[in-house]
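Structure, as structure tokens:
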Amino acid sequence: MAYVTDCFQNHTLFHKALKEAFEVFCNKTVTGNSSAELLATFCDNILKKGGSEKLSDEAIEETLEKVVKLLAYISDKDLFAEFYRKKLARRLLFDRSANDDHKRSILTKLKQQCGGQFTSKMEGMVTDLTLARENQANYEDYLRSNSAAHPGIDLTVTVLTTGFWPSYKSFDLNLPAEMVKCVEVFKGFYESKTKHRKLTWIYSLGTCHINGKFEQKIIELIVSTYQAAVLLLFNASDRLSYSEIMAYLNLTHDDLLRLLHSLSCAKYKILSKEPNTKTISHGDYFEFNSKFTDKLRRIKVPLPPVDERKKVVEDVDKDRRYAIDAALVRIMKSRKVLGHQQLVSECVKQLSRMFKVLI
């Protein structure tokens with residue numbers, strides 16, 4: 001930009017050349033990843049707690065400004081939005097944002113660059129979380145005034161609006177009895193406030209703190225709701241087979257493989273497996289490993305990560321089909337009659353602000 005303004009007297013021809021050149025290399029894939037995804041990941045790195053980019057507040061603001069400028073040259077802006085929204089959701093739900101001001105600042109910059117529709121869902125997510133905190137405070141007041149209803153477990157529920165957030169799979173997990181009571185109490189509280197909304201529980205996003213009573217000491221385990229459901233089965237049984245655990249919890253093979261691997265084959269072997277191999281198979285048996293110990297009194301048992309790229313791309317493709325339909329309807333309502341070729345070119349022109357239409 002400095003060259004265009006200083007050396008070429010801000011000439012429109014050079015602005016056009018710069019724009020076209022940037023569009024070519026900004027839309028090349030790098031090691032199989034699109035620039036849209038890489039930019040979204042870079043933003044997430046800057047904005048999350050403990051990210052690899054250690055920058056001052058001013059440097060973060062400057063960098064975000066540059067990211068938004070670069071985004072102007074990227075053709076798949078909707079892909080950036082979906083990847084960014086997915087990462088923003090994780091930061092919001094697991095309280096991983098380093099600074100709320102930066103989080104709002106980038107949304108303002110994106111809104112100025114790409115329009116209100118581009119950021120409406122993201123802004124809705126941020127607002128949702130504020131409302132969810134108020135809702136949680138009301139729930140705690142409700143429990144204080146109805147001590148008989150207290151489920152005996154501390155429960156924090158984040159109630160979100162489906163339309164704003166990325167879509168998550170909800171399974172009919174057979175919850176342990178301790179958790180069922182929690183869910184019923186919260187449902188009772190929520191239904192006393194509103195009759196017109198339906199709660200869908202997304203257990204895959206839940207976190208549980210449970211105490212493991214091992215021979216040497218009690219260790220607090222930070223696990224996912226699914227992992228907790230598996231471990232709590234061993235309160236009632238000493239030894240369970242793979243198929244028994246699957247029947248008790250009503251889980252798919254893929255999910256159960258991940259869960260049992262994280263609890264019996266990974267760093268923290270809270271369950272003992274028979275036979276003692278590094279992989280999970282359908283004929284395995286599991287027992288609670290009472291001899292397990294660790295130098296820490298609180299440990300986080302991680303789940304193997306799931307590659308979400310494919311799902312994000314599928315979601316974006318689905319949304320694009322709706323966007324194309326809507327653009328065609330809008331054009332025909334305003335023009336009434338139009339030749340096929342003109343309709344196609346008008347449609348491509350309207351949608352080019354968000355993604356490149358391939359004909």
Side-chain angles (χ1 to χ4, degrees), residues 86 89-96 125 128-129 132-133 135-136 139-140 143 150-162 165-190 198-213 218-237 240 242 244-271 280 286 288-289 292 298-306 308 311:
K86 202 94 173 163
R90 294 199 77 78
R91 290 204 308 276
L92 291 172
L93 294 175
F94 300 112
D95 192 25
R96 288 187 190 151
M125 286 159 66
D128 242 10
L129 222 66
R133 287 192 198 106
N135 198 53
Q136 179 63 23
Y139 172 61
E140 285 162 12
L143 289 183
H150 202 291
I153 297 174
D154 290 333
L155 174 71
T156 305
V157 181
T158 310
V159 182
L160 309 170
T161 311
T162 310
W165 295 77
S167 54
Y168 300 105
K169 280 193 274 188
S170 64
F171 293 108
D172 290 330
L173 173 71
N174 288 339
L175 286 175
E178 299 91 331
M179 294 185 192
V180 170
K181 193 178 178 199
C182 282
V183 168
E184 292 305 323
V185 169
F186 188 84
K187 270 186 184 169
F189 154 73
Y190 196 72
K198 179 176 172 283
L199 287 176
T200 304
W201 295 80
I202 313 289
Y203 301 121
S204 57
L205 295 171
T207 308
C208 292
H209 292 241
I210 56 176
N211 287 331
K213 294 183 179 175
I218 292 174
I219 300 175
E220 186 183 332
L221 307 171
I222 303 170
V223 290
S224 72
T225 306
Y226 284 169
Q227 287 172 313
V230 170
L231 291 173
L232 288 169
L233 292 176
F234 290 88
N235 280 344
S237 307
L240 290 167
Y242 178 95
E244 283 172 328
I245 295 172
M246 192 171 182
Y248 279 134
L249 297 179
N250 188 31
L251 283 174
T252 62
H253 281 296
D254 289 349
D255 283 319
L256 193 54
L257 283 173
R258 282 179 72 234
L259 292 173
L260 290 172
H261 189 277
S262 71
L263 296 168
S264 63
C265 302
K267 184 181 176 184
Y268 302 116
K269 294 177 176 59
I270 294 151
L271 299 179
I280 305 288
F286 299 87
F288 177 65
N289 180 12
F292 173 81
R298 174 193 279 192
I299 56 173
K300 188 171 194 294
V301 184
L303 264 172
V306 180
E308 292 182 328
K311 180 160 189 325

Among residues at least two apart in sequence or on other chains, which ones pass side chain to side chain contact (heavy atoms under 4.5 Å, CB included) with [X]?
X: L240; result: L233, F234, S237, E244, I245, Y248
X: Q136; result: Y139, E140, T156, V157
X: N135; result: V159, F186, F189, Y190, K193
X: L232; result: P176, E178, M179, N235

Over all atoms of both residues, closest heavy-atom pair of V180 and L175
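Taking V180 first and L175 second, the nearest heavy atoms are CG2-O, 3.5 Å.
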Can you name the salt bridge (charged side-chain N to carboxylate O under 4.0 Å, His left out) partners of R91, sequence neighbours left out?
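Residues passing salt bridge (charged side-chain N to carboxylate O under 4.0 Å, His left out) with R91: D44.
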Residues which pass salt bridge (charged side-chain N to carboxylate O under 4.0 Å, His left out) with D95, listed by chain and number, not counting sequence neighbours
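For D95 the salt bridge (charged side-chain N to carboxylate O under 4.0 Å, His left out) partners, ignoring immediate neighbours, are K49.
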According to ring-ring contact (aromatic ring centres under 6.0 Å, His included), who are the partners of H253, at least two apart in sequence or on a separate chain?
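Counting only residues at least two positions away or on another chain, H253 forms a ring-ring contact (aromatic ring centres under 6.0 Å, His included) with Y242, H282.
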Who passes ring-ring contact (aromatic ring centres under 6.0 Å, His included) against F292, sequence neighbours left out?
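With sequence neighbours excluded, F292 shows a ring-ring contact (aromatic ring centres under 6.0 Å, His included) to F214, given in chain and number order.
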From L260 CG over to L256 CG, what is the distance, rounded to the nearest 0.5 angstrom?
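Between atom CG of L260 and atom CG of L256 there are 4.0 Å.
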Just how far is it from atom CD1 of I202 to atom CH2 of W165, taken to the nearest 0.5 Å?
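So the gap between those two atoms works out to 12.0 Å.
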Of all residues at least two apart in sequence or in a different chain, which pass the side-chain hydrogen bond (donor to acceptor under 3.5 Å, both in side chains) check with [X]?
X: T162; value: none
X: T161; value: D128
X: S262; value: Q227

Inter- and intrachain pairs under salt bridge (charged side-chain N to carboxylate O under 4.0 Å, His left out), touching residues 220-234, at least two apart
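Listed once each, the pairs are E220-R298.
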Stepwise side-chain contact (heavy atoms from CB on, under 4.5 Å) check, L249 with Y226
CA-CA 9 Å; L249 297 179; Y226 284 169; over 6 Å; no
